[in-house]
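Worksheet: one structure, shown below.
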Amino acid sequence: MEDQKRIKIKALLALASLSEEIVVKGWVRTKRGSKNAVFIAMNDGSTIHNIQVVADPELFGEDLLKRISTGASIAVTGLWVASLGSGQTQELQAKAIKVLGEANPETYPLQPKRHSLEFLREIAHLRPRTNTMGAILRVRHAVAFAIHQFFNEKGFFYFNSPLLTTSDAEGAGETFKVTTLNLEKIPLDEGGKVDYREDFFEKETNLTVSGQLEGELAALALSEIYTFGPTFRAENSNTTRHLAEFWMVEPEMAFYDLKDNMDLAEEMLKYLVKYTLDHCLDDLTFLEKREIEEQKNKPLVERSEQPLLDRLRGILADDFERISYTEAFQILRNSKPNKKKKFQFPIDTWGADLQSEHERFLVEKYFKKSVIIYDYPKDIKSFYMRLNDDNKTVGAMDVLFPGIGEIIGGSQREERLDVLTERMEEKQIPAAEMDWFLDTRRFGTVEHSGFGLGFERMILFLTGMSNIRDVIPFPRTPGNCEY
Ligand code: 4AD
Ligand code: MG
């Protein structure tokens with residue numbers, strides 16, 4: 001079995017019959033057969049599609065065929081020929097089969113049937129072998145690639161912000177501490193507090209909650225940059241939209257105001273949806289069918305009105321609705337669910353934070369399309385957002401997607417040193433530790449803006465999955481950090 005002739009299934013499926021023998025390597029999905037022929041469905045992860053291998057029992061013998069069970073890895077040498085059966089146009093007529101690794105049917109956890117997503121999360125080490133996770137992992141790759149392509153085409157530079165940091169960019173105190181101190185014997189200072197001078201970095205350190213502040217330093221030199229990396233948040237929210245470790249894309253642009261920022265966000269989201277439709281149609285078609293099956297068990301109100309592909313095409317067709325927080329507040333206050341006390345968090349005072357029930361009402365019921373809400377009350381947003389002339393709102397923007405809610409959060413940044421330091425005082429952010437950040441406002445400050453896209457929320461939207469744990473290979477959530 002010569003390695004050089006190995007061909008991946010995706011490439012093979014694009015070919016008509018071949019006169020030469022080829023080698024295909026992969027994993028057995030199913031095997032069925034009769035006295036005359038054994039049929040093996042085989043997949044190598046290059047595509048959602050399996051190929052059918054046909055083996056003559058007389059040629060291979062019972063012993064070998066028995067070892068070819070679901071999950072086993074095999075190498076098949078054979079001829080790619082027109083199929084006599086229905087269901088496939090081509091099949092691999094086996095001349096030689098080698099079992100590379102057996103998978104004992106008594107103990108192999110994946111059966112050739114539908115498993116619940118919850119069960120699959122418990123066997124995350126074998127989850128990539130399933131159709132669903134395989135499709136999701138291929139989509140994740142395509143979207144990550146498209147993100148780099150989009151920004152590269154626009155002349156943005158990929159900038160690497162640190163994962164280990166001493167800053168809490170969002171100021172929300174949801175950081176994971178990083179330390180090499182002996183937790184059994186923590187050194188204390190004169191005042192009885194943890195003595196971080198003895199720690200690895202000689203300072204209190206955490207995992208990043210956002211690369212934005214470091215990204216701002218780069219944007220104020222290179223004009224347009226983006227970060228794309230892991231982000232960590234110790235928020236104890238066990239929802240279908242939150243992970244403790246997720247990936248965020250954070251573009252930051254000098255000389256952009258809030259409108260430029262919204263335009264870029266909308267353009268990027270449409271680009272990513274279009275790229276995925278153009279490059280992942282097989283996987284999306286599978287995921288659409290999967291969702292339709294899954295929804296049969298759900299109450300009517302929880303089902304999506306449109307199939308997955310139509311929802312994706314809908315993003316391309318419509319301009320996003322853009323409304324201020326104040327307009328959103330008025331719509332919500334006068335809405336039926338609010339008047340009938342159907343919201344868990346009633347809307348009656350201006351300044352209240354919008355919950356996901358409100359966001360989803362606006363997107364799915366009221367506008368029936370994606371919505372960008374801008375100019376939020378300053379008290380519910382971060383210190384770095386630019387104060388508007390009304391002194392009450394800041395130039396923030398959240399992009400809300402159907403079925404997801406907030407997918408992007410961003411803002412125009414406060415570039416005026418005096419206003420920024422005042423806002424930091426209000427929010428009790430220690431200015432001394434942020435001196436490096438304030439220097440950008442001291443020396444050559446300019447109008448600038450940026451936003452953060454939650455990569456997994458984007459993948460949720462693109463795949464029609466309903467739990468964010470199912471769109472990342474190794475989900476980290478409260479009480480859960482396996483492998
Ligand atoms: O709205 P957020 O907190 O904004 C920021 O972090 C800004 N520094 C971004 C910027 O302006 N550069 O987070 C941005 C996005 C959210 O809209 C959401 O999609 C995602 O990140 N996100 C999460 N995704 C999964 N799990 C979590 N715990 C998330 N928290 C935020
Ligand atoms: Mg946000």
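Read the numbers this way: they start at 1 and go in the same order the structure lists the ligands and their atoms. Computation of the quantities below employed the complete heavy-atom set of this structure, encompassing side-chain atoms and omitting hydrogens, waters and symmetry-equivalent molecules.
Checking only distances, G454 does come within under 3.5 Å of ligand 1, N or O to N or O. Checked by distance only, ligand 1 and H242 stay at 3.5 Å or farther apart across all their nitrogen or oxygen atoms. Polar contact with ligand 1: absent for M248 (N/O pair, distance under 3.5 Å). Considering backbone and side-chain N/O of E250, one or more are found under 3.5 Å from N/O of ligand 1.
What sits closest to atom 18 (C) of ligand 1 on the protein, heavy atoms only, is R457 NH1, 3.5 Å. Ranking the protein heavy atoms by distance from atom 15 (C) of ligand 1 puts G452 O, 3.5 Å first. Of the protein's non-hydrogen atoms, E406 OE2, 3.3 Å is the one closest to atom 16 (C) of ligand 1. Nearest to atom 26 (N) of ligand 1 among the protein's heavy atoms is L243 N, 2.9 Å. In this structure, the protein non-hydrogen atom closest to atom 22 (N) of ligand 1 is F246 CE1, 3.5 Å. Scanning all protein heavy atoms for the shortest distance to atom 5 (C) of ligand 1 gives E170 OE2, 3.5 Å.
Distances shorter than 4.0 angstrom do not occur between any heavy atom of E456 and any atom of ligand 1. Ligand 1 lies out of reach of F232, whose nearest heavy atom is not under 4.0 Å from it.
A donor-acceptor pair shorter than 3.5 Å can be found between the side chains of Y271 and Q149.
Judged by the 6.0 Å distance and 45° axis criteria, R441 is positioned over the aromatic ring of F437.
At a cut-off of 2.8 Å, D398 does not coordinate the Mg ion (ligand 2) through any N, O or S atom.
Under the 30°/60° scheme for interplanar angles, the aromatic rings of H115 and F119 are found to be tilted. Taking the six-membered ring for Trp and thresholds of 30 and 60 degrees, H148 and F228 have ring planes inclined between 30 and 60 degrees apart. Ring pair Y226/F151 is parallel by interplanar angle, where below 30° counts as parallel and above 60° as perpendicular.
Applying the salt bridge (charged side-chain N to carboxylate O under 4.0 Å, His left out) test between K378 and each of E422, E414, E426 identifies E426 as the sole match. Checked options T393, L354, D375; the residue passing with Y325 is L354 (criterion: side-chain contact (heavy atoms from CB on, under 4.5 Å)). Among T70, N131, T130, the single residue meeting the side chain to side chain donor-acceptor pair (under 3.5 Å) criterion with R29 is N131.
Closest heavy-atom approach to atom 28 (N) of ligand 1 among the candidates Q412, E235, R233, E174: E235.
Within ligand 1, the atoms closer than 4.0 Å to a non-hydrogen atom of I407 are 17 (O), 19 (O), numbered from 1 in the order shown. Annotation for ligand 1: atoms under 4.0 Å from non-hydrogen atoms of G410 are 11 (O). Each of the following atoms of ligand 1 lies closer than 4.0 Å to a heavy atom of R413: 10 (C), 11 (O), 12 (N). Each of the atoms 25 (C), 26 (N) of ligand 1 lies under 4.0 Å from some heavy atom of R241. Below 4.0 Å from some heavy atom of Y384 lie the following atoms of ligand 1, by number and element: 7 (C), 8 (N). Within ligand 1, the atoms closer than 4.0 Å to a non-hydrogen atom of G409 are 1 (O), 9 (C), 10 (C), 11 (O), 17 (O), numbered from 1 in the order shown.
Looking at D398 and K381, a side-chain N of the basic residue comes within less than 4.0 Å of a carboxylate O on the acidic one, giving a salt bridge. Salt bridge annotation for R416-D418: absent, with no cationic side-chain nitrogen under 4.0 angstrom from a carboxylate oxygen. Look at R121 and D470 and you find a salt bridge, because one of the NZ, NE, NH1 or NH2 atoms lies within 4.0 Å of a carboxylate O, short of that distance.
F286 and A135 make their closest contact through CD2-CB, 4.2 Å (heavy atoms, listed as atom of the first residue, atom of the second, distance).
E406 has its closest N, O or S atom to the Mg ion (ligand 2) at the position named OE2.
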